[in-house]
Amino acid sequence: MTLEIRRLQLATLQGVDGNEWPVHGFVVRFTGGAALVDTGVGGPEQWLTSWRVVNRSVAAALDELDMTPGDIGLVINTHLHFDHCGQNAVFKHAPFYVQRSELSRARTESPQLTGWFDFMNARFELLDGDADVLPGLRVIATPGHTVGHQSVVVDAGDGTCDVLIGDAAYQPRQYLDPLSDELPDGQASDVTAWRQSLGRIRSVEPDRVHFCHHTDIVHS
Ligand SMILES: [Zn+2]
């Protein structure tokens, strides 16, 4: 099966280094459908203000691809931070593929976000570790940023492989140098697990790594 990745520019916010960071989601198109990886920013107004969010609607971003939210058959959330699941409610028709441990973490740590990811009748496909989602599309558990973080592996169908890394690395620098002691605030809630997860991602031998908060693509 041929899969095609398209990046969505969903927002900017003030990153932990004080610079402006992009917020990306990714559409994975395949024969007969499409999946969305992360839905962009949403949350209480004071969060958006303090992160200096300049937000876009995910529907507007999809429109640039001549797509509508109804074209998205399933959503994968790499994790449930407000800049990755903030517009889940736009996709009430779709199942949300989330690690079970991540849903439980977010329910405990972020009850303020209930209306954004844990709304009435939200349909979760709860995962316990690595899982195949569709032919050519799978997730691997990459805990460390959060306890239930996952990254997405796309086998494009031409023998090459892409990783949508989520926040397992904010930027290429953390991916390329995981042993650095200079981790940005919030990069790792568990540094040991975080480093092991970057090793897991490398073991996939991705040809391209795509970031949520950086526009560079790491080629290898
Ligand atoms: Zn995050």
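All values reported here derive from a predicted model rather than from experimental measurement. Ligands are counted one by one from 1 in listed order, and the atoms in each one are counted from 1 as well.
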D38 side chain reached by N77 side chain, heavy atoms, under 4.5 Å: yes
Under 2.8 Å: N/O/S of D167 next to the Zn ion (ligand 1): yes
Parallel, tilted or perpendicular: ring planes of H145 versus H79, cut at 30 and 60 degrees: perpendicular
Presence of N, O or S from H149 under 2.8 Å of the Zn ion (ligand 1): no
Within 45° cone and under 6.0 Å: R7 NZ/CZ vs F211 ring: no
Centroid separation H24 to H213 less than 6.0 Å: no
H81 ND1 and H145 NE2 subtending at the Zn ion (ligand 1) (10° steps): 90°
The Zn ion (ligand 1) - closest N/O/S atom in H79: NE2
